[in-house]
Amino acid sequence: MHDIAVIAGDGIGPEVVREGLKVLDAAAEVYGFRAKCEPMPYGAEHFLKTGETFPDSALRAAHDFDAVFLGAIGDPRVETGMLERAIISGLRFGLDLYVNLRPVRLYDARFCPLKDRGPEHLDFVVVRENTEDAYAGLGGILKKGTPNEVAVQEMIFTRAGCERVIRYAYDLCRRRGKHNRLTLVDKANAIRAQDIWTRTFAEVGLEYDDIRQDHAYVDAACMWMVKNPEWFDVIVTTNLFGDIITDLGAQLVGGMGIAASGNIHPGRVSMFEPIHGSAPKYAGKNTANPLAAICAVGMMLDHLGEEAAARGVEEAVRRLLTSGRVTSLSAGALPTSVLGDMAAAEVRAGAGTKPPAPRATAGKPGRGGPRKRAAAR
Ligand SMILES: NC(=O)c1ccc[n+]([C@@H]2O[C@H](COP(=O)([O-])OP(=O)(O)OC[C@H]3O[C@@H](n4cnc5c(N)ncnc54)[C@H](O)[C@@H]3O)[C@@H](O)[C@H]2O)c1
């Protein structure tokens, strides 16, 4: 039995989560596991009703689950970023989810805005550091609203923080076995503090002589992602740059409606979510694309040790998107609930078909099976 906390959140969050859970149910039926989902109420409605953002008790409770499935947080009625920091950063920092894993995978050439590019050109994974950098919260505003106003936000990089995520990326690259090429993306030429990334990347790399070390400054990386995306295998990068380049990555494979992520601490409770936000303009309209949330469910299953189910969900999405029945991944192409039904039906239809070869996307370095609860404490 897998215990899953579900935070549907704001805007389109509840709609896409509902479809993700449909697919989770279908996968449980087909692959023979059980999942108990417990809703957590946090988000704008809860805040406006109670004044509570994300209390310590919620974080303590989160430790007792096997995984957290999150929709999206953010509401125009609430101060910018306040709920996002409390809930999303609260979980990422509070559970020490130091890996943000973001696959960039094109399922069908029709969804790619690049000329003459297909699935063989766009299949890489971004490993984004998830607990440091400008997101660590060291900063603030002095003399706000006066002519002498000063705003400071520090980028924090620790040796231990760099090393653990870089090691995860090397391990993932080895398990993927694709090009055995790991690219460090930084801006160490201009942001000299990022020299810590350069040195750590080289030093950890000494333990991985089968993995080719590659490097790109973040501006050039954006250029290469458009010009020669097939070059990339696994990218490891800082929190801020990972945040930005994966929106570009999402657009290259069809848009925000298909891009999923895992916030992972190997062997411990981890959180899975679409990379998109609450897209308030589509809230309640049944037009948002739920496939990103559905792919996040696939990544969650992989983390939970349900590898066959994870591959089943991924293959279901692939079959759906190559079938010609989905013409666009943008909002409104098909109703949210219809796309969710189609994905769940594909998972069921995949039952009994030959399972595809395992692929390491949401890998678990050093992990021998499903997360054990004791390990989370
Ligand atoms: N992890 C999170 O919960 C998260 C991430 C990013 C932004 N946010 C928050 O979400 C709110 C809105 O932010 P934003 O507008 O910058 O980003 P957003 O990702 O919510 O939306 C940007 C655009 O992407 C498209 N889009 C997003 N999700 C889609 C889907 N499922 N299907 C089809 N199209 C989709 C829409 O065109 C949308 O206007 C803000 O409050 C922001 O802080 C939350």
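In listed order, ligands and their atoms are each counted from 1.
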Task: Candidate list Asp171, Asp210, Asp123, test salt bridge (charged side-chain N to carboxylate O under 4.0 Å, His left out), partner Arg176, passing option - done: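 Passing option: Asp123.
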Report every pair formed by an N or O atom of ligand 1 and a protein N or O atom separated by less than 3.5 Å, giving atom names and the distance to 0.1 Å.
unit_1: ligand 1; atom_1: 1 (N); unit_2: Glu273; atom_2: OE1; d: 3.2
unit_1: ligand 1; atom_1: 3 (O); unit_2: Ile73; atom_2: N; d: 2.8
unit_1: ligand 1; atom_1: 10 (O); unit_2: Ser278; atom_2: N; d: 3.0
unit_1: ligand 1; atom_1: 10 (O); unit_2: Ser278; atom_2: OG; d: 3.2
unit_1: ligand 1; atom_1: 19 (O); unit_2: Gly277; atom_2: N; d: 2.7
unit_1: ligand 1; atom_1: 20 (O); unit_2: Gly277; atom_2: N; d: 3.3
unit_1: ligand 1; atom_1: 20 (O); unit_2: Ser278; atom_2: N; d: 3.2
unit_1: ligand 1; atom_1: 20 (O); unit_2: Ala279; atom_2: N; d: 2.7
unit_1: ligand 1; atom_1: 31 (N); unit_2: His276; atom_2: NE2; d: 3.2
unit_1: ligand 1; atom_1: 31 (N); unit_2: Asn289; atom_2: O; d: 2.9
unit_1: ligand 1; atom_1: 32 (N); unit_2: Asn289; atom_2: N; d: 2.9
unit_1: ligand 1; atom_1: 39 (O); unit_2: Lys281; atom_2: NZ; d: 3.3
unit_1: ligand 1; atom_1: 41 (O); unit_2: Glu84; atom_2: OE2; d: 2.8
unit_1: ligand 1; atom_1: 43 (O); unit_2: Glu84; atom_2: OE2; d: 2.4

TODO: May I ask you to check if Arg128 and Tyr135 form a cation-pi contact, with NZ or CZ under 6.0 angstrom from the six-membered ring centre and within 45° of the axis?
DONE: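 Pair Arg128/Tyr135 counts as cation-pi.
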- [ ] Compute the ring centroids of Phe69 and Phe272, then answer whether they are less than 6.0 Å apart.
- [x]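 Aromatic pair excluded; centres sit 6.0 Å or further apart.
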Open item on the list: With a 4.0 Å cut-off on N to O distance, would you call Glu207 and Arg167 a salt bridge?
Closed with: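 Salt bridge between Glu207 and Arg167, a charged N being under 4.0 Å from a carboxylate O: yes.
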TODO: May I ask you to check whether Asp186 and His215 show a side-chain donor-acceptor distance below 3.5 Å?
DONE: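 Yes, because at least one side-chain N or O of Asp186 sits under 3.5 Å from a partner of the opposite role on His215.
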Task: Expected output: side-chain His63 to main-chain Leu59 donor-acceptor under 3.5 Å - done: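 Side chain of His63 to backbone of Leu59, a donor-acceptor pair under 3.5 Å: yes, one is there.
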